[in-house]
There are 2 protein chains.
Amino acid sequence: MKNQLDRNAGNLTLDDIADLAGVSRSTVSRVVNEHTSVKKEVRQRVLNIIEEHHFHPNAAARTLALQRSWTIGLILPHSVSTFFTDPYYPNLLMGIAKACNLYNFTLALFLVSTKEDEANVFSRVGRKGFLDGVIVQSGHHGDQGAIGKMVDKKIPLVVVGRPFRSDNVTYVDIDNINAAKSAVTYLHKIGCKRIATITGPLDSTVGIDRLEGYRQAIKEQNGQVDDNLVVEGNFTETGGYLAMQKLLPFQPDGVFAASDVMAAGAMKAAEDANLSIPKDVSFIGFDDLPAASYGSNQLSTVRQKVAELGQKSVESLIEQIEDESIAPRQIILETELVIRQSCTQLLDISPQNIK
Amino acid sequence: MKNQLDRNAGNLTLDDIADLAGVSRSTVSRVVNEHTSVKKEVRQRVLNIIEEHHFHPNAAARTLALQRSWTIGLILPHSVSTFFTDPYYPNLLMGIAKACNLYNFTLALFLVSTKEDEANVFSRVGRKGFLDGVIVQSGHHGDQGAIGKMVDKKIPLVVVGRPFRSDNVTYVDIDNINAAKSAVTYLHKIGCKRIATITGPLDSTVGIDRLEGYRQAIKEQNGQVDDNLVVEGNFTETGGYLAMQKLLPFQPDGVFAASDVMAAGAMKAAEDANLSIPKDVSFIGFDDLPAASYGSNQLSTVRQKVAELGQKSVESLIEQIEDESIAPRQIILETELVIRQSCTQLLDISPQNIK
DNA sequence: CTCATTTTTGGAAGCGCTTCCATTATAGCA
DNA sequence: TGCTATAATGGAAGCGCTTCCAAAAATGAG
């Protein structure tokens, strides 16, 4: 034992500690795991030695014995362009990472861009003794495969954002349709007659739902949806800029963009075309990024608490990990319409005018 | 065995596969690990069964036996404000994640904000059987503790960004001093007489080094450093905006900002003060974010390849993991001055004018 | 058709931990 | 003081894998 000890100092095992404390391996294990059945003095003695030698039980051995790794996976199937361009992801990541810290879980991050990545990642994620559960950022058609596999393998799973096939899957999301609807309705109330929208990618549920909200709002105000006023964007600033350029010939006086980042691009395009905001055209974005709220032309937006989305998904996942029999459920978070200078002001802001 | 098999279908072990194939556990292990000493037909038979049952060896057991987890940790000691505000982090993350995919490593992400997090995270990171090595994003004084501990514990380590105490530590960085110097020198060459700088936080090596580059450039052009023209920023857009407001009274005609994000804020402030860019004041940023290069007022900048920084750090870490005797070394990546419309043009762009 | 080599294979130990079960020490009660 | 009930401990098996070592099978040379 001493031998072992010398051989790789600073790399003790339970046995080493047991020797040092003059007790058995089992007892040390009990101390580490806070079992009550250890005599006070013994417990203290062992604890001291552990402290003194900075002992940490080997993670792999623990995982093997307990079939629990205290690690959760986060799969971000990112279309490269938006990951480092739209603060949505970093925000989500922060929320998730913080929650992991809080509950003492480790976060394994998988950024998936190619088909190859996907196969690769899945072969690792599917492996036992590695992850206790998985969070998938979803919304694209392409994710269905991955999600299906998790469900089949009965790996505890939470999806962020409504997936295309949402039966039998726990997911966390906001009510995109109504959130979008309220923004467009607001534009109508302040007098916009030609309200345009720059949508998200229409192969994603977010894109589809926010457009649906726009449609519903227009129809409810007895309007016709004019296809010229609907342009598909891709959640990038450049995309917003280009989309706005397409819209300009049709002279919109209000624009609902499906993300703040696209709204920022669109506003630049409007300014470059010498339009004045909000006099000539009002803007509402979506997300409420920090950057939206300073400088001139502060952006009106639909606030969603992305970090909270992340936190809830972690919490819900942990629940599943701890009780595998929990039934799939949906968690829908609140959003809030935040009006700033990018919209002409509504004079009478009584409640019935806003919703 | 059959019993075992039924009990939890889809969760086979080596033994199960061995039974199914009519060979021993050892043989299956050899097949999985691609040892050559298995007879062709046997290997194929085993492979088929593995395929058929979607067998993946248990990760924890493997880690325990081999003392290798194929997982690396990334510690981002983020000051909350900049993580989801400056695309630097997402970019770095992307580079690292991609490299991990490439080499079939898993990435464990630790976002550290509070002291409590730090202790917490370290107790997990320091544990054996969990991570093969660690990448730390550094540059702040606060990181020294964490870095020191890794070094003490002999955990393979790569630091991104020059740490304050860089002896005995492998790190990956760019030459911030010279990069900043070349930007400021360029401003001088195009005729700016009152060149200001918005620095990064001055408790970070990036902040310090880029300021040092500014200083050196000014001095080399026989200038005096005017303290009124040096304002500390915090790598946020709002920070850039506020810093520029402080600079305006001193009428700078050229501004070097230590990040694109701050430059964007600063330009907004200039525009809000009715200055014209680049006629009244030229700007150079740092990073070359995608957003820098579109719309009006395209930003000149020092391009650094952040994703590559990430990739190199992974590669260097893997080298250390595979050969623990490798000596600490520094890897310095190239930067490039990219001139766009935010600077008045230099008519004669012959090489000697640029550097 | 032997016998010595070389390939292939199976058995068993070991990676470091948890936990069941049996055993010993302690306490409680008559 | 002796006996039972309880608290505290140690031993051993097991989590699922790799790999050393020895045994068995296949090969080739004489």
Side-chain angles (χ1 to χ4, degrees), chain A residues 1 3-5 7-8 10-47 50 53 55-70 124 126-132, chain B residues 1 3-5 7-8 10-47 50 53 55-70 124 126-132:
Chain A
M1 269 311 156
N3 186 11
Q4 163 98 336
L5 240 157
R7 187 149 48 69
N8 56 12
N11 223 153
L12 295 298
T13 71
L14 267 194
D15 280 301
D16 298 328
I17 302 294
D19 276 16
L20 255 19
V23 295
S24 76
R25 192 226 309 305
S26 324
T27 300
V28 179
S29 173
R30 285 186 202 104
V31 171
V32 170
N33 293 291
E34 298 178 320
H35 287 201
T36 52
S37 65
V38 179
K39 214 202 281 182
K40 269 235 164 80
E41 307 98 70
V42 177
R43 152 196 231 71
Q44 198 47 251
R45 180 150 41 96
V46 171
L47 240 28
I50 286 179
H53 290 81
F55 168 75
H56 291 293
N58 181 296
R62 209 149 200 255
T63 295
L64 182 56
L66 289 174
Q67 309 283 43
R68 280 287 243 101
S69 66
W70 289 274
R124 272 182 286 155
R127 167 159 313 191
K128 274 280 153 179
F130 178 34
L131 300 178
D132 287 344
Chain B
M1 266 314 153
N3 186 12
Q4 164 98 335
L5 240 157
R7 188 150 46 69
N8 56 11
N11 223 152
L12 296 297
T13 72
L14 268 195
D15 280 301
D16 298 329
I17 302 293
D19 277 15
L20 256 18
V23 296
S24 77
R25 192 228 306 305
S26 324
T27 299
V28 179
S29 174
R30 284 186 203 105
V31 171
V32 171
N33 293 291
E34 297 178 320
H35 288 200
T36 52
S37 65
V38 179
K39 212 202 284 181
K40 270 238 164 79
E41 308 99 69
V42 176
R43 150 195 233 72
Q44 198 46 251
R45 182 150 42 95
V46 171
L47 240 27
I50 286 178
H53 291 80
F55 168 75
H56 291 294
N58 182 295
R62 210 148 199 255
T63 296
L64 181 57
L66 289 173
Q67 309 283 43
R68 281 288 241 100
S69 66
W70 289 275
R124 272 182 286 155
R127 167 160 313 192
K128 273 279 153 181
F130 178 35
L131 300 178
D132 287 344

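Every chain is numbered from 1, with letters handed out A, B, ... down the list of sequences.
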Can you tell me how far [atom2] of [N] sits from [atom1] of [X], to the nearest Å?
{"X": "B/Asn33", "N": "D/dG16", "atom1": "CG", "atom2": "P", "answer": "17 Å"}
{"X": "B/Glu41", "N": "C/dT9", "atom1": "CD", "atom2": "C1'", "answer": "14 Å"}
{"X": "A/Asn58", "N": "D/dG16", "atom1": "CG", "atom2": "P", "answer": "17 Å"}
{"X": "B/Arg45", "N": "C/dT8", "atom1": "CZ", "atom2": "C1'", "answer": "13 Å"}
{"X": "A/Arg127", "N": "D/dG16", "atom1": "CZ", "atom2": "P", "answer": "15 Å"}
{"X": "B/His56", "N": "D/dG16", "atom1": "NE2", "atom2": "C1'", "answer": "16 Å"}
{"X": "B/Leu14", "N": "D/dT19", "atom1": "CG", "atom2": "P", "answer": "12 Å"}
{"X": "A/Ile17", "N": "C/dG16", "atom1": "CD1", "atom2": "C1'", "answer": "13 Å"}

Indicate the atoms forming the closest heavy-atom contact of [X] with [Y], along with that distance.
{"X": "B/Leu12", "Y": "B/Asp16", "value": "CA-OD2, 3.4 Å"}
{"X": "B/Val32", "Y": "B/Pro57", "value": "CG1-CG, 4.0 Å"}
{"X": "A/Arg43", "Y": "A/His35", "value": "NH1-O, 3.7 Å"}
{"X": "A/Ser69", "Y": "A/Thr63", "value": "CA-OG1, 3.6 Å"}
{"X": "B/Leu64", "Y": "A/Ala61", "value": "CD1-CB, 3.9 Å"}
{"X": "B/Ser29", "Y": "B/Leu14", "value": "CB-CD1, 3.8 Å"}

Option among A/Ile50, A/Val46, A/Asn11 that satisfies the side-chain contact (heavy atoms from CB on, under 4.5 Å) test with A/Phe55: A/Ile50

Positions of residues 59-70 of chain B (non-hydrogen atom under 4.0 Å from DNA chain C), listed by number: B/Leu64, B/Ala65, B/Gln67

Candidate nucleotides D/dG16, D/dT19, C/dT19, ranked by approach to the side chain of B/His35 - the nearest: D/dT19

Phosphate-side-chain proximity, A/Ser29 and C/dT18, N/O vs OP1/OP2 below 4.0 Å: yes

Residue pair B/Val31, B/Arg45: steps toward the side-chain contact (heavy atoms from CB on, under 4.5 Å) verdict: CA-CA 10 Å; B/Val31 171; B/Arg45 182 150 42 95; over 6 Å; no

Inter-residue atom distance A/Lys128.NZ - B/Thr13.OG1, 0.5 Å rounding: 13.5 Å

Polar pairs (N or O, both sides) under 3.5 Å between protein and nucleotides 6-11 of chain D?
| residue | atom | partner | partner atom | Å |
| --- | --- | --- | --- | --- |
| D/dT9 | OP2 | A/Lys39 | N | 3.1 |
| D/dG10 | OP2 | A/Ser24 | N | 2.7 |
| D/dG10 | OP2 | A/Ser24 | OG | 3.0 |
| D/dG10 | OP2 | A/Thr27 | OG1 | 2.9 |
| D/dG10 | N7 | A/Arg30 | NH2 | 3.4 |
| D/dG10 | O6 | A/Arg30 | NH2 | 2.7 |
| D/dG11 | N7 | A/Ser26 | OG | 3.2 |
| D/dG11 | O6 | A/Ser26 | OG | 3.1 |

